[in-house]
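Just so we're on the same page: letters track the sequence lines, and every chain starts at 1. Scope of the values below: all heavy atoms of this structure, side chains included, with no hydrogens, waters or symmetry mates.
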Amino acid sequence: MRLSRYFLPTLKETPAEAQIVSHRLMLRAGLIRQQAAGIYSWLPLGFRVLERISRIVREEQNAAGCQEILMPTIQPAELWRESGRYDDYGKEMLRFRDRHDRELLYGPTNEEMVTDIFRAYVKSYRQLPVMLYHIQWKFRDEVRPRFGVMRGREFLMKDSYSFDLDQAGARRSYNKMFVAYLRTFARLGLKAIPMRAETGPIGGDLSHEFIILAETGESQVFVHRDLVERDILAEAVDYESDLQPLVESWTSLYAATDEKHDEAAFAAIPPEKRVAARGIEVGHIFFFGTKYSGPQAMNVTVQGPDGKPVHPEMGSYGIGVSRLVGAIIEASHDEAGIIWPESVAPFRVGLLNLKVGDATTDSLCADLYERLRANGVEVLYDDREERAGVKFADADLIGLPWQVIVGPKGAASGLVELKRRKGGERHELDRDSVLERLIG
RNA sequence: CGGGGCGUAGCGCAGCCUGGUAGCGCGUCUGCCUUGGGCGCAGAAGGUCGUCGGUUCGAAUCCGGCCGCCCCGACCA
């Protein structure tokens with residue numbers, strides 16, 4: 001993509017409403033535009049990141065055996081009356097009526113609807129387990145939206161739902177999602193730590209929040225260093241195997257938010273293993289049994305092995321996709337701007353032509369641009385007629401992982417500069433070496 | 001929902017106290033110049049001062065209602 005034709009409104013100054021760093025950078029880097037309190041448009045660069053994150057989330061959900069569907073944003077009130085939540089949910093739920101005066105709502109979550117889909121088609125225990133998910137916009141009329149996309153009213157969320165014959169099966173589904181979440185956040189370039197959360201109505205230990213560590217995080221967290229340093233991607237995962245030992249190895253070490261913090265237990269950890277940090281919640285998984293499928297709610301049954309009706313055991317699993325864009329920036333930025341992890345970067349390479357109009361830099365850039373693209377490398381080519389300083393500043397601001405800097409001095413001798421955004425190290429290389437590094 | 005603050009050009013702000021018909025920086029447009037870290041010079045466009053009403057000869061400015069946005073707290077992917 002040529003930057004001269006790309007819709008990328010970067011700002012030199014920070015809009016007054018933005019307080020936290022991710023919000024400031026998202027506005028300055030031209031990722032989003034606020035349309036109302038907690039409601040945002042996603043501009044081309046921001047939308048690309050949203051799509052990148054969604055792709056990774058999707059790949060890991062699919063790998064864990066979850067199947068993607070797409071439920072609507074608008075839901076009928078009747079479903080929520082069945083579960084009893086229409087009255088319970090309160091003002092956070094946006095309600096309205098259509099032209100026939102039917103009551104509708106903008107979905108804040110989808111337990112009722114997915115349960116409705118399930119009960120329409122699944123009649124036998126032989127069809128279990130079932131795991132469905134979608135990535136869809138949600139609306140929660142938060143009293144006080146803030147922090148940009150970190151707490152918006154309209155937000156993109158991945159929500160999964162599992163249906164099992166019994167609690168042992170539900171635990172297997174839970175464990176799959178647990179591991180899928182670890183892998184998802186690791187692939188997004190984040191250190192996400194599962195922390196025990198409020199237990200559901202059944203009790204037990206089947207509820208975890210996934211919290212990423214970031215200096216500007218909203219809550220205080222306490223974790224065992226081994227959890228922070230452990231790399232799930234280095235471990236082989238077979239979703240058909242018993243994941244319980246793996247899950248236990250992650251949950252046996254200390255990890256807690258300040259609400260659940262146990263000072264004594266934390267003090268029992270060797271001092272060099274204690275990590276007190278700030279965190280941001282990016283995912284939440286929990287088991288809730290028959291809360292929605294039971295007779296008190298939507299009364300869903302399948303026929304069990306003995307021919308008798310069974311209420312399926314359910315769980316739900318959420319990842320805040322749009323929130324993650326902000327969370328990743330909170331976890332990865334510097335004074336100059338965003339530093340995208342490679343896996344979610346909107347483009348992999350920024351190609352900077354420092355002297356547009358100079359025959360040598362123009363042709364060198366054109367060649368690099370074409371050859372990178374031909375090899376599947378996504379490049380944002382800064383071919384604007386701007387001064388070098390503007391290009392450097394914008395490149396650092398939007399945070400693409402690699403910058404290929406082509407200036408008249410180096411170009412004359414066939415050299416360009418390769419700069420890594422993270423860390424900032426630079427190398428003068430000839431064009432083939434640059435291509436080799438970026439394509440390999 | 002309790003407390004506080006703010007709405008003036010695309011963005012950041014001054015002007016308001018002490019009413020007299022709107023200004024600065026950045027950005028944008030044109031030309032020249034410059035070309036390795038948000039240059040320089042010259043010219044230009046762009047604002048019903050959130051909105052409705054009141055006071056006044058006259059309101060961005062004083063008074064009131066409404067709307068919107070932000071911050072702190074309680075609550076949350």
Side-chain angles (χ1 to χ4, degrees), chain A residues 9-20 23-24 27-28 30 33-39 53 57 89-93 107-110 135-160 181 184-185 192 197-198 208-212 218-219 257 259 279-286 316-327 335-337 352-358 360-362 382 384-397 403 405-412 415-417 419 424 426 428:
Chain A
T10 58
L11 302 174
K12 211 164 165 182
E13 289 175 284
T14 306
E17 72 269 15
Q19 294 297 314
I20 63 163
H23 191 195
R24 285 194 203 130
L27 292 168
R28 285 195 53 215
R33 172 170 175 79
Q34 180 168 348
Q35 307 288 174
I39 299 177
I53 294 171
V57 168
Y89 216 92
K91 288 186 160 182
E92 274 201 9
M93 184 153 73
T109 178
N110 286 68
I135 298 175
Q136 178 64 290
W137 294 92
K138 306 290 189 293
F139 193 91
R140 293 183 192 173
D141 202 356
E142 295 277 350
V143 208
R144 188 186 161 204
R146 62 183 128 171
F147 304 146
V149 300
M150 300 271 285
R151 183 162 334 153
R153 290 193 293 172
E154 187 180 54
F155 57 96
L156 188 61
M157 179 165 129
K158 187 286 300 177
D159 40 323
S160 311
Y181 274 36
T184 300
F185 296 124
E198 291 300 331
H208 287 88
E209 291 177 348
F210 286 76
I211 306 224
I212 64 157
E218 50 193 345
S219 55
T257 58
E259 299 106 48
I280 302 168
E281 183 183 346
V282 289
H284 195 168
I285 62 178
F286 56 96
S316 78
Y317 317 88
I319 290 178
V321 176
S322 50
R323 164 180 279 199
L324 272 167
V325 180
E335 314 72 47
L352 279 62
N353 185 345
L354 296 189
K355 192 170 182 180
V356 171
D358 176 282
T360 313
T361 60
D362 283 356
D382 193 344
R384 295 175 300 171
E385 297 198 22
E386 289 286 354
R387 296 178 59 83
V390 172
K391 300 193 177 195
F392 288 130
D394 274 343
D396 286 347
L397 176 62
Q403 295 172 15
I405 299 161
V406 182
K409 293 175 198 162
L415 292 175
V416 302
E417 193 170 290
K419 174 183 164 186
R426 305 145 176 267
E428 282 233 301

N/O (side chain, [X]) to phosphate O (OP1/OP2, [N]) under 4.0 Å:
X       : N      : value
R144(A) : C70(B) : no
K355(A) : U35(B) : no
Q19(A)  : C72(B) : no
K91(A)  : C1(B)  : yes

Selected nucleotide, minimal atom distance to K12(A) side chain, candidates G12(B), C39(B), A77(B):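 My answer, after comparing the listed nucleotides, is C39(B).
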
Looking only at side-chain atoms of R28(A), point me to the closest of C76(B), G38(B), G12(B).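 Closest of the options to the side chain of R28(A): G38(B).
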
Output the rounded distance in Å from [atom1] ([X]) to [atom2] ([N]).
X       : N      : atom1 : atom2 : value
R153(A) : G68(B) : CZ    : C1'   : 11 Å
I280(A) : C76(B) : CD1   : P     : 18 Å
E142(A) : C70(B) : CD    : C1'   : 16 Å
H23(A)  : C70(B) : NE2   : C1'   : 10 Å

Counting distance alone, no hydrogens or angles: does the base of [N] have a donor or acceptor under 3.5 Å from a partner atom on the side chain of [X]?
X       : N      : answer
R140(A) : C76(B) : no
E417(A) : G36(B) : yes
R146(A) : C72(B) : no
E13(A)  : G25(B) : yes

Residue pairs passing the salt bridge (Lys or Arg N to Asp or Glu O under 4.0 Å) test where at least one lies in residues 139-148 of chain A, sequence neighbours excluded: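 Of all non-adjacent pairs touching residues 139-148 of chain A, those that pass salt bridge (Lys or Arg N to Asp or Glu O under 4.0 Å) are D141(A)-R153(A).
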
Compute whether any side-chain donor of one residue and acceptor of the other, for D396(A) and Q403(A), lie under 3.5 angstrom apart. yes

Suppose we screen for side chain to side chain contact (heavy atoms under 4.5 Å, CB included). Which residues come up paired with T257(A), at least two apart in sequence or across chains? M195(A), E209(A), I211(A), V221(A), E259(A), K260(A)

Could you grab the distance from atom CD1 of I405(A) to atom CG of L352(A), nearest 0.5 Å is fine? 6.0 Å

For [N], the Watson-Crick or wobble counterpart (both distances under 3.5 Å):
N      : value
G27(B) : none
G64(B) : C52(B)
G2(B)  : C72(B)

For the P atoms, the ones on C66(B) and on C1(B), what distance do you get once it is rounded to whole angstrom?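 Straight-line distance between the two P atoms is 14 Å.
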
With rounding to the closest Å, how many angstrom separate the C1' atoms on C6(B) and G46(B)? 24 Å

Output yes if the stacking criterion (under 5.5 Å between centres, under 30° between planes) is met for F155(A) over the base of A77(B), else no. yes

